[in-house]
Trainee: 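Would you mind keeping the following structure in view while I ask a few things?
In listed order, ligands and their atoms are each counted from 1. A quick note: this is a predicted structure, and the numbers were derived from the prediction, not measured.
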Amino acid sequence: RSILRQSRATVGSGVGFAVGWKAANRPNTRRYAVPDAPSEETLAALSHEDREFPPDPAFAAQANGTKELFAEADADRDAFWAQQARDRITWSKDFEQVLDWSEAPFAKWFVGGELNAAYNCLDRHVEAGNGDRVALHFIGEPDGDTKDFTYAEALDQVKRAANVLTDLGVEKGDRVAIYLPMIPEAVFAMLACARIGAPHSVVFGGFSADALRSRIADAEAKVVITADGGYRRGKPSALKPAVDEAVSGGTSVNKVLVVRRTGQDTAWNDDLDLWWHEALEAASAEHEAVPVDSEHPLFLLYTSGTTGKPKGILHTTGGYLTQAAYTNSVVHDVHPETDVYWCTADVGWVTGHTYIVYGPMANGATQVLYEGTPDTPHQGRWWEIVQDKKVSVLYTAPTAIRTFMKWGKETPAKYDLSSLRVLGSVGEPINPEAWVWYREIIGGGKTPIVDTWWQTETGAIMVSALPGVTTLKPGSAQAAIPGISVDVVDEQGNSVENGKGGYLIIDKPWPSMLRGIWGDPERFKETYWSRYPGVYFAGDGAKRDEQGNIWVLGRVDDVMNVSGHRLSTTEIESALVSHPKVAEAAVVGATDATTGQAVVGFVILRGDAAAEAEQDGDALVANLRNHVAKEIGPIAKPRQIMVVSELPKTRSGKIMRRLLRDVAENREVGDVSTLADSSVMDLIKTGMSDSG
Ligand code: WTA
């Protein structure tokens, strides 16, 4: 019998730059993930990288980051952070204590201090005489659709929006959901929430109505801010229908504020819906930012974990803002008076929160905000933007760099990229080849590259080179930045020697650390603090090379990283199983040359559907892929789905995803000795060669 079908076009396309780049998964045998350390093979594959790029003295002379910062932080960590907080942030009331760790792992930073994040990102720059400085060069996707906002203009919008939210009954502490495309109103909406002390919960515009609904419900959001639509690959793409669906049938939401972006037809509910532009025009332009406690919640951001239910990561105000501003200064080396900074992330992800909104704006930087995709209307769009706006600091993801590599160096070569002076990378490991291409082709062979490791949970950059200080090694995130302490440890929690691999941990609290999981303190302790007592377990495998540089190898739990987006295998499995034709499903992240990992699903069909698959497997597979996109969002759509008759399981019934990854990556299948039925893998492999 033929037990397996797959979309043939994609078979085998996934084995890319380094098989085994990501650490292998092992099924959970305890309640928390007990992962495999990176294999010897993975470590060996990386150990021949010995290119080095020492800092350019001219760059070092002007850099914000210095060697002295390391010494200062080592001498007295608390004093170091207190100084960062006082130098970089304006407090309406000074703090009394730097860190209260007495209820660990629930930290309090800058205890007793009061501040307002929006005031720090806007008002104080205007008060200092910089109101005419451009805050945002907005570039819409349609060619020529651009608009600049100065700090004074941005402040005006945010004050009005804050008044509108207050008029709608949003009070300090109430949650507001934001579901917007990459338009200036996304930034203004976030800062308006911060201005009145209402934590925002931004939901990425690519998520489905179901995903939005569950996030609204978990946070009990009172108001949703959305748009009629946004532009995507040359066409208006509606957003509001997803909100309509998400708030149908009674939810915590009592108003929906709608930005008019595309002007497309939009269903309207007079009881609920309100146009953003009408409300802002009618609102007062006067508004005093509300000072909040340093530990007042600033935002929730949902991220994938090892179970199907996304976690609402909680960040508070003082510590988060301090580390956001500090890292944007010393790592991106942003000089607000002269630089044009561009972070290409979406505000729906933490990178957009910290490095579009809070870090650069607290520093008073000028930045590009781009709505569209890199290939609309042509593959040179980004480089055209760099040239036109004279972008000097660019922060993007390895998946984008690998895509540009694929498109060829001829495209960027057509543009003047000489304004670039710092390049950053975030979201997943950057393989040395992509790193070198980035420096040579985009950076003209001269720019430092900062590969920055951090997470939604860490709030801000933790591990990175400091440009101007660090001798760069392509592919390595290098070392903890000043003020941060990380380690690579073995199963027992002991530091590994140089040249060895293990797990990345953070062994000292840091200002922008998450303060918990919304509504679930137990899950917070269990997920991050139970693996090694008192130590934060990041969920990433890492190695230390002979010089002690850190190489992040990727997730060691059931979290996948696709184009820098975090996705949970369990969440996609649940989506597949919710389809009436699917009996059982297993999902793995397979190495992919462009996206880092790709989603590969294995499904067992229900009785009749199996017969149907015999007839028209391709249609069924297409149907299942679309089903996942509809349930979670297009980013979760599997690259490949294989129909199988069995799944490899241990005797205790856990699916062995490690073996499925071997199949998905066209590798020799590994050790099957713990399988309940070791012939299952033969069955799957035979099925594969039958159909592929
Ligand atoms: C991965 C994104 C290697 C890692 C800021 C982490 C990285 C997860 C890097 C967090 C990097 C992020 N090198 N891996 N420079 N940066 N990661 O929460 O697996 O979306 O745990 O935050 O991305 O993803 P998140």
Trainee: Would you say the ring centroid of His200 lies under 6.0 angstrom from that of His353?
Mentor: yes
Trainee: Is the ring centre of Tyr320 less than 6.0 Å from the ring centre of Phe299?
Mentor: yes
Trainee: Might you confirm whether atom NZ of Lys67 has over 12 heavy atoms from other residues, nucleotides or ligands at distances under 6.0 Å?
Mentor: no
Trainee: Checking the N or O distance criterion of under 3.5 Å, is ligand 1 in contact with Ser425?
Mentor: no
Trainee: Counting only heavy atoms closer than 4.0 Å, does ligand 1 sit against the backbone of Thr452, its side chain, both, or neither?
Mentor: backbone
Trainee: Pull out every atom of ligand 1 sitting under 4.0 Å from any heavy atom of Val350, numbered as shown with elements.
Mentor: 5 (C), 22 (O)
Trainee: Any nitrogen or oxygen of Gly427, main chain or side chain, under 3.5 Å from a nitrogen or oxygen of ligand 1?
Mentor: yes
Trainee: Does Pro429 approach ligand 1 within less than 4.0 angstrom via side chain, backbone, both or neither, non-hydrogen atoms only?
Mentor: both
Trainee: With respect to atom 13 (N) of ligand 1, which of His353, Gln597, Glu428 exhibits the smallest heavy-atom separation?
Mentor: Glu428
Trainee: Verify the distance criterion only: is there a donor paired with an acceptor across the side chains of Gln478 and Gln547 at less than 3.5 Å?
Mentor: no
Trainee: Could you report the tightest heavy-atom contact between Ser464 and Val450, atom names first, then the distance?
Mentor: OG-CB, 3.7 Å
Trainee: Give the atom numbers and elements of ligand 1 that come within less than 4.0 Å of a heavy atom of Val426.
Mentor: 5 (C)
Trainee: Against heavy atoms of Thr456, which atoms of ligand 1 measure under 4.0 Å?
Mentor: 18 (O), 20 (O), 22 (O), 25 (P)
Trainee: If you define the side chain from C-beta out and look only at heavy atoms, does anything of Pro310 sit under 4.5 Å from Glu571?
Mentor: yes
Trainee: Quick one: does Trp454 get within less than 4.0 Å of ligand 1, heavy atoms only?
Mentor: yes
Trainee: Is the positively charged end of Arg88 above the ring of Tyr326, judged by distance under 6.0 angstrom from the centroid and angle within 45° of the axis?
Mentor: no
Trainee: Using a 4.0 Å heavy-atom cut-off, which part of Val463 comes near ligand 1: side chain, backbone, both, or neither?
Mentor: neither
Trainee: Do you know which of Thr452, Thr344, Thr351 makes side chain to side chain donor-acceptor pair (under 3.5 Å) with Tyr395?
Mentor: Thr452
Trainee: Determine, stepwise, if the pair Glu573 / Arg657 fulfils salt bridge (charged side-chain N to carboxylate O under 4.0 Å, His left out).
Mentor: CA-CA 12 Å; Glu573 284 164 7; Arg657 293 203 181 82; 2.9 Å; yes
Trainee: Indicate, as side chain, backbone, both or neither, the part of Asp540 found under 4.0 angstrom from ligand 1 when only non-hydrogen atoms are considered.
Mentor: side chain
Trainee: Would you tell me which option among Gln478, His565, Arg566 has the nearest heavy-atom contact to atom 25 (P) of ligand 1?
Mentor: Arg566
Trainee: Go through ligand 1 atom by atom and flag the ones less than 4.0 Å from a non-hydrogen atom of Asn561.
Mentor: 1 (C), 23 (O)
Trainee: Between Thr351 and ligand 1, find which residue part has any heavy-atom pair under 4.0 Å and reply side chain, backbone, both or neither.
Mentor: side chain
